[in-house]
A.B. asks: 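The structure under discussion is supplied below as structure tokens; questions concerning it will follow.
For reference, positions follow the sequence shown, starting with 1.
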Amino acid sequence: MKHFRVIFIFLAFVLSIVACKNKVETASTDDGITYQCPMKCEGEKTHNTAGSCSVCKMDLMAMASLPSKNMETEEISEESIFNLTSKWNTEEGNTIVLKDLKGKTLVMVMIYTTCKAACPRLVADMRNIEKQVPEAFNKDLQYVLVSIDPKTDTPKHLKAFAKENLMDAAHWTFLQGTETGVREFANVLAVKYKQISPMDFSHSNIISVFNPQGELVHQQEGLGVDNRETIEKIIETVTDRSN
């Protein structure tokens with residue numbers, strides 16, 4: 001009888017261990033945590049298990065770990081373009097300062113809309129970059145075209161140009177400033193320009209990428225150049241913001 005009692009106790013001990021293990025495994029696979037793409041490529045869709053996004057292939061993140069825009073720091077560094085206080089008119093007729101663009105990765109270029117030589121190619125380069133960056137990233141991106149000819153490029157003129165070039169979506173912005181503000185901004189970007197006739201300018205051909213704090217992280221110089229590095233830097237900057 002004593003022998004059977006020992007066996008019974010041993011079996012009860014083994015069963016308790018198995019039950020405990022099953023409970024732990026269940027907790028680890030059904031912990032109530034929901035997961036979501038950090039870029040929200042699938043909108044507000046959530047998943048019960050970890051994995052990767054079907055759109056951008058990034059790892060899904062636990063909802064509690066997703067970044068909050070409200071937690072972004074208000075501080076800006078000395079290198080940030082958001083220190084510039086000049087005012088700008090958008091193609092929609094709104095007046096902004098550059099700091100109003102804070103929180104998004106910025107892809108910026110300086111052009112003038114009556115240009116017949118270099119600027120159309122710069123515009124084509126900007127559209128080509130936008131086409132190759134995943135569309136889901138657009139909510140964290142702003143493509144900005146700054147006019148170096150503020151006298152001609154009024155908000156109304158810029159709006160017409162945006163529509164004509166299929167660049168009137170929300171992630172495109174055109175800016176008209178004062179001559180002083182434009183010159184100040186060009187100096188920051190190391191863009192050189194000079195009016196050579198009443199309607200023509202000579203100018204540098206540079207596309208610049210800024211992080212959400214307004215700090216320059218990359219520049220692409222030239223026309224029709226290989227833009228893979230620029231695209232990689234844009235995606236990297238947007239992704240860093242989300243981690």
Side-chain angles (χ1 to χ4, degrees), residues 76-84 86 88 90-91 98 101-102 104-134 137-138 140-150 152-153 158 161-162 164-167 169 171-197 199-241:
I76 55 177
S77 70
E78 293 181 357
E79 292 76 28
S80 175
I81 58 172
F82 300 145
N83 288 303
L84 301 177
S86 52
W88 303 82
T90 73
E91 80 281 13
L98 293 177
L101 302 174
K102 184 175 183 289
K104 291 191 175 186
T105 295
L106 306 177
V107 186
M108 308 185 81
V109 67
M110 301 191 78
I111 64 162
Y112 64 105
T113 60
T114 56
C115 176
K116 303 300 181 185
C119 295
R121 298 180 66 185
L122 280 173
V123 169
D125 285 341
M126 288 284 282
R127 290 185 59 186
N128 182 261
I129 290 170
E130 185 247 8
K131 183 178 179 181
Q132 295 188 64
V133 173
F137 284 34
N138 285 343
D140 293 310
L141 275 169
Q142 202 68 36
Y143 297 89
V144 183
L145 292 90
V146 180
S147 173
I148 61 176
D149 184 13
T152 301
D153 288 333
L158 292 173
F161 184 87
E164 180 183 347
N165 287 275
L166 303 178
M167 303 166 80
H171 56 276
W172 291 100
T173 296
F174 288 76
L175 297 180
Q176 173 213 36
T178 63
E179 291 188 11
T180 300
V182 171
R183 181 65 65 184
E184 179 185 42
F185 189 56
N187 289 337
V188 171
L189 295 186
V191 170
K192 300 183 183 301
Y193 70 93
K194 180 180 180 180
Q195 189 163 11
I196 55 179
S197 75
M199 294 294 291
D200 290 312
F201 294 77
S202 62
H203 58 88
S204 306
N205 304 308
I206 298 175
I207 294 176
S208 304
V209 180
F210 293 85
N211 66 22
Q213 287 73 47
E215 299 159 341
L216 182 66
V217 295
H218 177 75
Q219 285 191 309
Q220 169 185 305
E221 187 168 4
L223 299 171
V225 300
D226 187 342
N227 55 26
R228 283 179 296 180
E229 186 177 349
T230 300
I231 293 165
E232 289 173 0
K233 180 58 68 172
I234 291 170
I235 293 175
E236 175 189 322
T237 306
V238 172
T239 303
D240 284 348
R241 173 184 177 276

A.B. asks: Got a second to check how far Arg121's CZ is from Leu223's CG, nearest 0.5 Å?
C.D. replies: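 Reported value, rounded in 0.5 Å steps: 4.5 Å.
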A.B. asks: Do Asp200 and Ser197 have side-chain N/O donor and acceptor atoms under 3.5 Å apart?
C.D. replies: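 Result is yes, a qualifying pair exists.
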A.B. asks: Between Ala162 and Phe174, what is the shortest heavy-atom contact and its length?
C.D. replies: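 Looks like CB-CE1, 3.4 Å.
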A.B. asks: Does some side-chain heavy atom of Lys102 sit less than 4.5 Å from a side-chain heavy atom of Ile76?
C.D. replies: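 Side chain of Ile76 against side chain of Lys102, heavy atoms only: contact under 4.5 Å found.
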A.B. asks: Any side-chain heavy atom of Asp149 sitting closer than 4.5 Å to one from Gln176?
C.D. replies: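 Answer no - side chains too far apart.
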A.B. asks: Assign the ring pair Tyr193 / Phe201 to parallel, tilted or perpendicular, where the plane angle (0 to 90°) is split at 30° and 60°.
C.D. replies: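 Tyr193 vs Phe201 ring planes: tilted.
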A.B. asks: Just wondering, do Arg183 and Thr178 contact through their side chains at under 4.5 Å, heavy atoms?
C.D. replies: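 With C-beta onward as the side chain, the pair stays apart.
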A.B. asks: Which heavy-atom pair separates Ser86 from Gly181 by the least distance, and what is that distance?
C.D. replies: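 Scanning both residues, the minimum pair turns out to be CB-CA, 4.1 Å.
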A.B. asks: Checking His218 against Ser208: is there a side-chain donor and acceptor pair closer than 3.5 Å?
C.D. replies: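 No, His218 and Ser208 have no side-chain donor paired with an acceptor closer than 3.5 Å.
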A.B. asks: Going through the checks in order, is the side-chain contact (heavy atoms from CB on, under 4.5 Å) test met by Gln220 and Ile206?
C.D. replies: CA-CA 6 Å; Gln220 169 185 305; Ile206 298 175; over 6 Å; no
A.B. asks: Restricting to non-hydrogen atoms, name the atom on Ile148 and the atom on Met110 that form the minimum distance, rounded to 0.1 Å.
C.D. replies: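 Ile148 and Met110 have their closest heavy atoms at CG2-CE, 3.7 Å.
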A.B. asks: Atom CD of Glu130 and atom CD1 of Ile234: how far apart are they, to the nearest 0.5 Å?
C.D. replies: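 Answer for the CD-CD1 pair, Glu130 versus Ile234, is 10.0 Å.
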A.B. asks: Using side-chain heavy atoms (C-beta onward) and a distance below 4.5 Å, is Val144 in contact with Leu101?
C.D. replies: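 Val144 reaches Leu101 side chain to side chain.
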A.B. asks: Quick check: do Asp140 and Thr105 have side-chain heavy atoms less than 4.5 Å from each other?
C.D. replies: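 No; the side chains remain at least 4.5 Å from each other.
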A.B. asks: Could you state the interatomic distance from OH (Tyr112) to CG (Asp153), rounded to the nearest 0.5 Å?
C.D. replies: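 One gets 10.0 Å once the value is rounded to the nearest 0.5 Å.
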A.B. asks: Within this structure, what is the CD-OG1 distance for the pair Glu164 and Thr113, rounded to the nearest 0.5 Å?
C.D. replies: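 Interatomic distance, Glu164 CD to Thr113 OG1, rounded to 0.5 Å: 9.0 Å.
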A.B. asks: On a heavy-atom basis, which atom in Val182 and which in Ser147 lie closest, and how many Å separate them?
C.D. replies: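 Looking at all heavy atoms of both residues, the closest pair is CG2-O, 3.5 Å.
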A.B. asks: Is any side-chain heavy atom of Val188 closer than 4.5 Å to one of Leu84?
C.D. replies: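 Side-chain contact under 4.5 Å: yes.
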A.B. asks: Should we say atom CD of Gln132 is surrounded by more than 12 heavy atoms from elsewhere, each under 6.0 Å from it?
C.D. replies: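 Result for CD/Gln132: enclosed.
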A.B. asks: For the residue pair Arg127 and Asn165, what are the closest heavy atoms and their distance?
C.D. replies: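 Closest heavy-atom pair between Arg127 and Asn165: NH1-O, 3.3 Å.
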A.B. asks: Rounded to the nearest 0.5 Å, what separates atom CG in Leu145 from atom CE in Met126?
C.D. replies: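 If we round to the nearest 0.5 Å, Leu145:CG and Met126:CE are 4.5 Å apart.
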A.B. asks: With no hydrogens and no angle check, do the side chains of Asn227 and Asn128 hold a donor and an acceptor under 3.5 Å apart?
C.D. replies: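 Short answer, yes.
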A.B. asks: Before you tell me yes or no, could you show the steps for His203 and Cys119 under side-chain contact (heavy atoms from CB on, under 4.5 Å), namely the whole-Å CA-CA distance, both residues' side-chain angles and the distance that decides it to 0.1 Å?
C.D. replies: CA-CA 9 Å; His203 58 88; Cys119 295; 3.3 Å; yes
A.B. asks: For the CD atom on Glu229, are there more than 12 heavy atoms of other groups (residues, nucleotides or ligands in this structure) within a distance under 6.0 Å?
C.D. replies: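 No, the 6.0 Å shell around CD holds no more than 12 heavy atoms from other groups.
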A.B. asks: Taking it one step at a time, do Met167 and Val123 satisfy side-chain contact (heavy atoms from CB on, under 4.5 Å)?
C.D. replies: CA-CA 9 Å; Met167 303 166 80; Val123 169; 3.5 Å; yes
A.B. asks: Of Val209, Ile81, Thr173, which is the lone residue that meets side chain to side chain contact (heavy atoms under 4.5 Å, CB included) with Leu106?
C.D. replies: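 Answer to the side chain to side chain contact (heavy atoms under 4.5 Å, CB included) test with Leu106 among Val209, Ile81, Thr173: Ile81.
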A.B. asks: Taking side chain as C-beta onward, heavy atoms only, is Met108 less than 4.5 Å from Phe185?
C.D. replies: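 SC-SC contact between Met108 and Phe185 confirmed.
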A.B. asks: How long is the gap from CD on Glu184 to CG on Leu189, to the nearest 0.5 Å?
C.D. replies: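 Between atom CD of Glu184 and atom CG of Leu189 there are 11.0 Å.
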A.B. asks: Is there a donor in the side chain of Glu215 and an acceptor in the side chain of Ser80, or the other way round, less than 3.5 Å apart?
C.D. replies: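 No pair is found: no donor N or O on one side chain lies under 3.5 Å from an acceptor on the other.
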A.B. asks: Ignoring hydrogens and geometry beyond distance, is a side-chain donor-acceptor pair present between Thr237 and Asn211 at under 3.5 Å?
C.D. replies: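 Asn211 and Thr237 do not have a side-chain donor-acceptor pair below 3.5 Å.
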A.B. asks: Is the closest side-chain heavy-atom distance between Asn138 and Leu141 below 4.5 Å?
C.D. replies: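 With C-beta onward as the side chain, the pair touches.
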A.B. asks: Of all the heavy-atom pairs spanning Leu216 and Phe210, show the shortest one and how long it is.
C.D. replies: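 For Leu216 and Phe210, the tightest heavy-atom pair comes out as N-CD2, 3.5 Å.
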